[in-house]
Amino acid sequence: MAKLYPPYIEGTIPAFFKDDDGTVILTVPLSMNKAVGAKEVKGFVLKIKTAQTGLLLGTIESDSFDLISNLSVWFDLEEIKDKLIEGQYYKVQIAYVNEDEVGYYSTVGVTKYTTMPTVAIEGLDFKKINNHQYKYLGTYSQKNKD
């Protein structure tokens, strides 16, 4: 089989963080290459490098993806999470994997490893059923974090 052409990714990828369980999942939104059929794709490979020096931190494989509705692939960064530094930027590239071969890598996308944010809706209690309000105010905070 021939190598698959690369998927398309944006130049900026959403930030990622370590959750309460200590798991680090990087979500990469993508667009399918028109020369590649969804049934040809068995998985993805991610290359992750530091943005400042270009040092390769790892090559991660994933078979967790959605090519129909979400158009995203999820990479578990467990094996390199000790190399990641909160507040730092990283360059990523992804490639399709077919039956036996890694395809060509995509262009570079830049992402940030950050701390888990605090997200809330003012006036709501997450431990009970709340009354309907006509205005909702959401808050996002990284205070005393990254």
Side-chain angles (χ1 to χ4, degrees), residues 1-128 130 136-146:
M1 264 192 168
K3 280 180 126 178
L4 297 176
Y5 288 105
Y8 300 109
I9 64 172
E10 293 291 328
T12 304
I13 305 297
F16 63 104
F17 55 87
K18 185 183 340 180
D19 65 13
D20 290 332
D21 300 333
T23 307
V24 180
I25 303 292
L26 171 62
T27 302
V28 180
L30 62 99
S31 296
M32 289 292 290
N33 190 307
K34 293 181 190 241
V36 177
K39 291 186 180 186
E40 294 178 89
V41 180
K42 302 299 179 215
F44 287 85
V45 173
L46 167 85
K47 277 188 191 176
I48 184 165
K49 299 177 180 182
T50 61
Q52 290 80 9
T53 64
L55 176 70
L56 180 65
L57 298 179
T59 303
I60 313 292
E61 293 186 26
S62 175
D63 59 0
S64 181
F65 57 91
D66 179 359
L67 300 179
I68 297 170
S69 61
N70 212 359
L71 284 173
S72 295
V73 58
W74 298 273
F75 294 95
D76 185 348
L77 304 181
E78 178 68 28
E79 63 188 68
I80 64 163
K81 74 179 181 181
D82 294 334
K83 298 177 184 178
L84 300 172
I85 300 169
E86 288 177 347
Q88 295 296 309
Y89 290 89
Y90 295 93
K91 296 188 287 187
V92 297
Q93 291 178 282
I94 63 172
Y96 295 120
V97 176
N98 61 9
E99 294 292 336
D100 55 353
E101 188 174 24
V102 175
Y104 295 105
Y105 281 90
S106 67
T107 57
V108 172
V110 177
T111 185
K112 183 178 184 181
Y113 181 56
T114 188
T115 55
M116 189 162 90
T118 303
V119 179
I121 300 174
E122 289 185 12
L124 296 185
D125 184 355
F126 291 108
K127 297 178 183 169
K128 67 178 189 172
N130 296 279
Y136 292 92
L137 179 62
T139 60
Y140 171 93
S141 175
Q142 283 283 5
K143 187 173 182 178
N144 299 326
K145 296 181 181 179
D146 173 32

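Annotation: side chain of P29 is not in contact with side chain of L71 (no heavy-atom distance under 4.5 Å). Using a 4.5 Å heavy-atom cutoff, the side chains of T118 and T139 are not in contact. Two residues are said to be in side-chain contact when any heavy atoms from C-beta on lie closer than 4.5 Å; P6 and N33 meet this criterion. Annotation: side chain of S62 is not in contact with side chain of L46 (no heavy-atom distance under 4.5 Å). I25 places a side-chain heavy atom less than 4.5 Å from the side chain of T23. The side-chain heavy atoms of T50 and Y90, taken from C-beta on, include a pair separated by under 4.5 Å.
Taking every heavy atom of both residues into account, M32 and L67 meet most closely at SD-CD2, 3.8 Å. Contact record, F17 with M116: CE1-CG, 3.4 Å, taken as the closest heavy-atom pair.
With values rounded to the nearest 0.5 angstrom, Q88 atom CD is found 12.5 Å from T111 atom OG1. From L84, atom CG reaches atom OG1 of T114 across 12.0 Å, with rounding to the nearest 0.5 Å. For the atom pair D63 CG and W74 CH2, the distance stands at 11.5 Å (nearest 0.5 Å). The structure places CG of L77 at 9.5 Å from CG of L57, a figure rounded to the nearest 0.5 Å. Taking CG of L4 as the reference point, atom CD of E40 lies at 5.5 Å (rounded to 0.5 Å). The CG atom of N130 lies 4.5 Å from the CG atom of L124; values are rounded to the nearest 0.5 Å.
Note: Y113 and F16 have tilted aromatic rings, judged against thresholds of 30 and 60 degrees for the angle between ring planes.
When the shell of 6.0 Å around CG of L55 is examined, it contains more than 12 heavy atoms from other residues, nucleotides or ligands.
Partner of Y96 under the ring-ring contact (aromatic ring centres under 6.0 Å, His included) criterion, chosen from Y8, F65, F44, Y105: F44.
Within the structure, salt bridge (Lys or Arg N to Asp or Glu O under 4.0 Å) pairs that include any residue of residues 5-25 do not occur (at least two apart or interchain). Residue pairs meeting the salt bridge (Lys or Arg N to Asp or Glu O under 4.0 Å) criterion with at least one partner in residues 74-93, sequence neighbours excluded, are E78-K81. Under the salt bridge (Lys or Arg N to Asp or Glu O under 4.0 Å) criterion, the residue pairs touching residues 107-120 are K112-D146, with sequence neighbours excluded.
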